[in-house]
Amino acid sequence: MTTDVRVLRQDEWDTWYDNLVRAFGGADQAPEERALDRELTEFDRSLGVWDGTTCVGTAGAFSFRLTVPGGASVPTAGVTMVSVAATHRRRGVLTSMMRRQLDDVRSWGEPLAALTASEPAIYGRFGYGAATFQLGAEIDTSRVELSVPAGTDDVRLRYAGPADVLDACEAVYARLVPGRPGMLERRPGWERAGLLDPASERDGASALQCVVAERGGEITGYARFRTKLGWGVAGHDGTVALVSLAALDPATDAALWRFLFGIDLTTTLVVRGRPVDDAWQHLVSDIRRCRPRLRDALHLRLVDVGAALQARTYQAPVDVVFEVEDAFCPWNEGRWRLTGDAKGASCARTTDAADLALSVRELGAAYLGGVSLTSLAAAGRVRELRQGALAEASLAFGSVVAPWLPHGF
């Protein structure tokens, strides 16, 4: 089979996008969602694979900036819209796109590539490691109570149209971005993605609702959610589905959660995609009745090992030589000496003896501080070559707050 991998032209977008939609089940899309996806598409960073005049593969790469430990905002290729036509599976189409894309990312000078995986088993062979996880829960609000901190009663809540307070909510989000690894600076246009609300995706729930929190006349947080009423033999058993929540201080955070727990005629609060260290877990009276669970979120790849490792800081002094395996991006292979602390870091090639041996996939998993090198070593995925190096590096790579990807892309 002969195929052509090339940069997407604007007049090809509908065909390219239809191929993507079909690969993900072919469900009808709301016009506003399709229109926003086209507007956000970066054509010069998008690839199509063509078999003659037929599109058989798609891939894109948004130009993001990702917060890393220490608060720096690092240029990152947000890999997205990846699909292969079912007629052309297992013919090297995906590999050809990943090869071209990572070559392009390197040429753009972006040290990181990131994605959310519809099938996590696919991307490890291309060097991506699961770097952030997210917390979900189904909380029985009829049985679980909250114990809120001092100052919560000083927070004023009010309903607002989601679009009417969009700018204020985005300002809250922007203030949070530097403080947590894994968060994305939202480029213009991306704020509208959080307002998409097609009826076809509500599963019978209400339109998107929004409550904002205020302290001293300033908006300090918000929650977006939907409600779905229900009735059982014992009476009401409605559901609140949280879409997003952000708060600048503990009192605001607690006030928003208390509101969600107390909405009339509801007994269940469904939570998706929250940080694994989310504070509400320490406010509830019975964590078991919240049924918490984890799943993977951001998968990260170091496209340029040296530039990536020196872009972040380290919570303890570290001086370690990595022996890196990276068959897919061979420019990363070999030994790298990382020296760093909480103020900064340097990383350069070296001929010194290696202290730890691992693949670029493990570096990607550990990079944001949410997965420890020690745990990867316990799984046989990191080898300690100098006694003590594993503990030293694992401590240094950690993060005081859990990394978190707040939304997909």
Apply the side chain to side chain contact (heavy atoms under 4.5 Å, CB included) test between Val320 and each candidate in Thr339, Leu390, Leu338; give the one that qualifies.
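The side chain to side chain contact (heavy atoms under 4.5 Å, CB included) with Val320 is passed solely by Leu338 among Thr339, Leu390, Leu338.
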
Under 4.0 Å between a side-chain nitrogen and a carboxylate oxygen: does that hold for Asp355 and Arg337?
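Looking at Asp355 and Arg337, the cut-off is not met.
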
Between Asp28 and Arg34, does any side-chain N to carboxylate O distance fall below 4.0 Å?
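No salt bridge links Asp28 with Arg34.
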
Lys/Arg-Asp/Glu bridge criterion (N-O < 4.0 Å) met for Glu325, Arg361:
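Salt bridge flag = no for Arg361 with Glu325.
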
Are side-chain heavy atoms of Leu356 and Phe322 found at a separation under 4.5 Å?
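Yes, their side chains come closer than 4.5 Å.
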
Any salt bridge between Lys343 and Asp341, counting N to O under 4.0 Å?
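No, this pair does not count.
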
Residue pair Arg187 / Ser63, side-chain donor-acceptor N/O under 3.5 Å:
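Short answer, yes.
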
Would Arg186 pass as a cation-pi partner of Tyr173, given that its NZ or CZ must be under 6.0 Å from the six-membered ring centre and within 45 degrees of the axis?
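Cation-pi check for Arg186 and Tyr173: passes.
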
If we only count heavy atoms from C-beta on, is the Asp326 to Leu363 side-chain gap below 4.5 Å?
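No; the side chains remain at least 4.5 Å from each other.
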
Could Glu170 and Arg175 be called an ion pair, given the rule that one side-chain N must be under 4.0 Å from one carboxylate O?
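A salt bridge is absent here (no side-chain N lies under 4.0 Å from a carboxylate O).
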
Thinking salt bridges, do Asp197 and Arg226 make one under a 4.0 Å N-O criterion?
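Answer for the salt bridge query: yes.
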
Flag this pair as yes if the NZ/CZ of Arg312 is under 6.0 angstrom from the six-membered ring centre of Phe397 and inside a 45 degree cone about the axis; otherwise no.
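Verdict for Phe397: a cation-pi partner in Arg312.
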
With a cut-off of under 6.0 Å to the ring centre and 45° to the axis, is Arg45 in cation-pi contact with Phe62?
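Arg45 over Phe62 ring: no.
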
Does Arg274 count as lying over the ring of Trp280, i.e. NZ or CZ under 6.0 Å from the six-ring centre, within 45 degrees of the axis?
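No - Arg274 does not lie over the ring of Trp280 by the 6.0 Å and 45° rule.
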
Establish, yes or no, whether a centroid distance under 6.0 Å links the rings of Phe64 and Trp190.
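Ring centres of Trp190 and Phe64 closer than 6.0 Å.
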
With a 4.0 Å cut-off on N to O distance, would you call Arg22 and Asp18 a salt bridge?
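Looking at Arg22 and Asp18, the cut-off is not met.
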
With rounding to the nearest 0.5 Å, note down the distance linking CZ in Phe261 to CD1 in Ile139.
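Rounded to the nearest 0.5 Å, the CZ-CD1 separation comes to 4.0 Å.
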
Spacing of OG1 belonging to Thr239 relative to CG belonging to Asp203, to within rounding of 0.5 Å
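Here the interatomic distance stands at 9.5 Å.
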
Without hydrogens or angle criteria, can the side chains of Thr54 and Asp51 be said to hold a donor-acceptor pair below 3.5 Å?
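No - no donor-acceptor pair under 3.5 Å links their side chains.
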
So that I can tick it off, tell me whether Arg143 and Asp286 are bridged by a salt bridge, with the cut-off set at under 4.0 angstrom between side-chain N and carboxylate O.
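Answer for the salt bridge query: no.
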
